[in-house]
**Q** 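Sharing a structure below in C-alpha cells format, with a few things to ask.
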Amino acid sequence: MNEIIQSLHNRKSVRVFTDQEITKKQKTEILHAATAAPTAGNQQLYTILDITDSKLKQTLSATCDNQPFIATAKMVLIFCADFQKWYDAFVEGGCSPRTPGAGDLMLAVSDANIAAQNAVTAAQSMGIGSCYIGDIMENCETHRSLLHLPPYVFPAAMLVFGYPSSQQAKHPKPERCRLCDIVQENQYQRRDGAQLRRMFEHKCRPQGFETWCQHFCKRKYQSDFSKEMNRSVRMYLKSFDE
C-alpha cells in the first residue's frame, strides 16, 4: 500500500485539537491543493471562505449545532457552491444568461466538495486533522446574513482543522462497510432485509439490529437538526428554481 492510499485509510475526523498553530505556509499549501481539485469544465464552481475572525468562529460554533470545538479550531474553511460569480460574469460579458437551475447547483456542490476533500487530504499529509461540519447547511437565513451569501451561493461544506490531541490520535477510526456492501456492478440492486442486516452488523453490536436502527434513526434521521437542514436547503433551492 503506497503512502497516499495509507494516508486515506488512516484519516479520521478530529474534534479535539492541541494549541499548535497551523502556519501561513501550511494554510497556503492546503488551499492550493484544494484549488487543484478536479472541476467541471475547469469552472471551479466554488468559493472558499477562510474564517479568521474569532467572533465569527464562535458564532458559527453556536449556529452549527452548538459544537464548541469549531471555535477552537486553528483553521476554519467554508466551501461554497458558487454559481453567482459565473452568472455575474455572463452578465458582464454581455450575455443574456438564464436563471441558474438545480442542475447548476448540484454541479457546483460537487466541485466544492471535491475541493474540500483535496484540502482534507493535503492537511492529513502534514499531520493536521480535520472534521467536516454539515451543519453549515442549516439556518439558511442566519448563515446567509452572517456570511453575506448572495442568491446563487450555497454553503456546501465547512471544514475545521487542527493538530489532533493525543487522545484523538489514539482513538480508533470507525469501521466502514465491506467493499461488497458498497460496490455494485453495472446496475443498482436494492438490498433486501438480510443484506441490510449483514451490511450494518458491525454497527449494531451488541444491541442488535432493531435497537441500533431505531436509536440511530431517532438520533440522526428524525432529529431536529436533520429537519432544519432540509428546511434550509429548500430555502436555498428557491433561488435556483425561479
**Q** Could you tell me whether the side chain of S130 and the main chain of F161 form a donor-acceptor pair under 3.5 Å?
**A** no

**Q** What is the distance from atom CD1 of I48 to atom CG of D82, rounded to the nearest 0.5 Å?
**A**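 Rounded to the nearest 0.5 Å, the CD1-CG separation comes to 11.0 Å.
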
**Q** Please assess Q168 against Y163 for the test side-chain hydrogen bond (donor to acceptor under 3.5 Å, both in side chains), listing each intermediate value before the final yes or no.
**A** CA-CA 9 Å; Q168 286 277 287; Y163 284 92; over 6 Å; no

**Q** Hydrophobic clustering (ILVMFWY, side-chain heavy atoms < 4.5 Å, transitive) - are F225 and M235 grouped together?
**A** no

**Q** For Q20, is there any backbone N or O sitting under 3.5 Å from a side-chain donor or acceptor partner on K74?
**A** no

**Q** Indicate the ring-plane relationship of F154 and Y236, choosing parallel, tilted or perpendicular according to the 30° and 60° boundaries.
**A** perpendicular

**Q** Take Q184 and R191, measure what side chain to side chain contact (heavy atoms under 4.5 Å, CB included) needs, and give me the verdict at the end.
**A** CA-CA 11 Å; Q184 297 182 340; R191 298 159 179 86; 3.2 Å; yes

**Q** Pick from I133, L77, V14, I51: which one makes a side chain to side chain contact (heavy atoms under 4.5 Å, CB included) with V160?
**A**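 Result for side chain to side chain contact (heavy atoms under 4.5 Å, CB included) with V160: I133.
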
**Q** So, R176 side chain and P174 main chain: donor-acceptor pair closer than 3.5 Å or not?
**A** yes

**Q** Work out which heavy atom in R219 is nearest to a heavy atom in S223; give both atom names and the distance.
**A** O-CB, 3.3 Å

**Q** Between P164 and G129, what is the shortest heavy-atom contact and its length?
**A**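 Smallest heavy-atom distance, with atoms named: CD-N, 3.9 Å.
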
**Q** Looking at every non-hydrogen atom in both residues, tell me the closest pair between P97 and V91 and how far apart they are.
**A** CG-CG2, 3.8 Å

**Q** Could you state the interatomic distance from OH (Y152) to OG1 (T99), rounded to the nearest 0.5 Å?
**A**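 If we round to the nearest 0.5 Å, Y152:OH and T99:OG1 are 4.5 Å apart.
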
**Q** How far does OG1 of T59 sit from CD1 of I70, to the nearest 0.5 angstrom?
**A** 11.0 Å

**Q** So how far is it from C213 SG to H215 NE2, rounded to the nearest 0.5 Å?
**A** 11.5 Å

**Q** Do the side chains of F90 and R98 get nearer than 4.5 Å, heavy atoms only?
**A**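 SC-SC contact between R98 and F90 ruled out.
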
**Q** Say you draw a straight line from CG of L45 to CD of Q43; how long is it, rounded to the nearest 0.5 Å?
**A**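 Answer for the CG-CD pair, L45 versus Q43, is 4.5 Å.
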
**Q** With the 4.5 Å side-chain cut-off for hydrophobic clustering, are I136 and Y46 part of the same group?
**A**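 No; Y46 is not reachable from I136 via cluster members.
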
**Q** Quick one, S232 with M137, criterion side chain to side chain contact (heavy atoms under 4.5 Å, CB included). Give me CA distance, side-chain angles, the key distance, then yes/no.
**A** CA-CA 7 Å; S232 280; M137 291 187 285; 5.9 Å; no

**Q** Is R231 paired with E228 through a side-chain N to carboxylate O contact shorter than 4.0 Å?
**A**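 Salt bridge between E228 and R231, a charged N being under 4.0 Å from a carboxylate O: yes.
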
**Q** When hydrophobic residues are tied together by side-chain contacts of less than 4.5 Å, even through go-betweens, does M229 share a cluster with M158?
**A** yes

**Q** Keeping the roles fixed (side chain from T121, backbone from Q117), state whether a donor-acceptor pair exists under 3.5 Å.
**A**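 Present.
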
**Q** Please report the interatomic distance CZ(R234) to CG(D241), rounded to the nearest 0.5 Å.
**A** 12.0 Å

**Q** When you measure from the side chain of N113 to the backbone of A157, do you find a donor-acceptor pair of N or O atoms at a distance under 3.5 Å?
**A**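 No, because the side chain of N113 does not come within donor-acceptor range (under 3.5 Å) of the backbone of A157.
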
**Q** State, yes or no, whether a side-chain contact exists between H143 and L60 at a heavy-atom distance under 4.5 Å.
**A**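 With C-beta onward as the side chain, the pair touches.
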
**Q** Could you check whether any side-chain N or O of K203 sits under 3.5 Å from a backbone N or O of E175, counting only pairs where one atom can act as donor and the other as acceptor?
**A**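 Checked: no pair found.
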
**Q** Could you tell me whether the side chain of N230 and the main chain of K227 form a donor-acceptor pair under 3.5 Å?
**A**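 A pair under 3.5 Å: no.
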
**Q** For K24, does its backbone N or O pair with a side-chain atom of T28 as donor and acceptor, under 3.5 Å?
**A** yes

**Q** Is there side-chain contact between H202 and R178, with at least one heavy-atom pair below 4.5 Å?
**A** no

**Q** Less than 4.5 Å apart, side chain to side chain, heavy atoms only: is that true for C64 and E138?
**A** no

**Q** Taking all heavy atoms of E21 and all of Q26, pick out the closest pair and write down the distance.
**A** O-OE1, 4.2 Å

**Q** Are I78 and L105 connected in a single hydrophobic cluster, I mean Ile/Leu/Val/Met/Phe/Trp/Tyr linked by side-chain heavy atoms less than 4.5 Å apart?
**A** yes

**Q** Please tell me whether D135 and Q67 have a donor and an acceptor in their side chains that are separated by less than 3.5 angstrom.
**A**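 There is such a pair between these side chains.
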
**Q** How close do A112 and F79 get, counting heavy atoms only, and between which atoms?
**A**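 What the structure gives for the nearest pair is O-CD2, 3.7 Å.
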
**Q** Return yes if some donor-acceptor pair links the side-chain N/O of D53 with the main-chain N/O of L56 below 3.5 Å, else return no.
**A**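 Checked: pair present.
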
**Q** Could you see if L237 belongs to whatever hydrophobic cluster contains V109? Use Ile, Leu, Val, Met, Phe, Trp, Tyr and a side-chain cutoff under 4.5 Å.
**A**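 Result: yes, single cluster for both.
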
**Q** Please check if the side chain of Q44 supplies one atom and the backbone of T35 the other of a donor-acceptor pair under 3.5 Å.
**A** yes

**Q** Using a 4.5 Å cut-off on heavy atoms from C-beta on, say whether the side chain of T47 contacts that of Q84.
**A**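 They are not in contact (no side-chain heavy atoms under 4.5 Å apart), so the answer is no.
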
**Q** Does CD1 in I4 sit with more than 12 non-hydrogen atoms of other residues, nucleotides or ligands closer than 6.0 Å?
**A**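 Atom CD1 in I4 is not packed in, count stays at 12 or less.
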
**Q** List the atom of S165, the atom of T18, and the distance in Å for their closest heavy-atom pair.
**A** CA-CG2, 3.7 Å

**Q** Can you check whether T39 reaches I114 side chain to side chain, under 4.5 Å on heavy atoms?
**A**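 No; the side chains remain at least 4.5 Å from each other.
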
**Q** Is there side-chain contact between T52 and K27, with heavy atoms separated by less than 4.5 Å?
**A**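 In short, these two side chains touch, coming nearer than 4.5 Å.
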
**Q** Do D192 and Q195 have side-chain heavy atoms sitting under 4.5 Å apart?
**A** yes

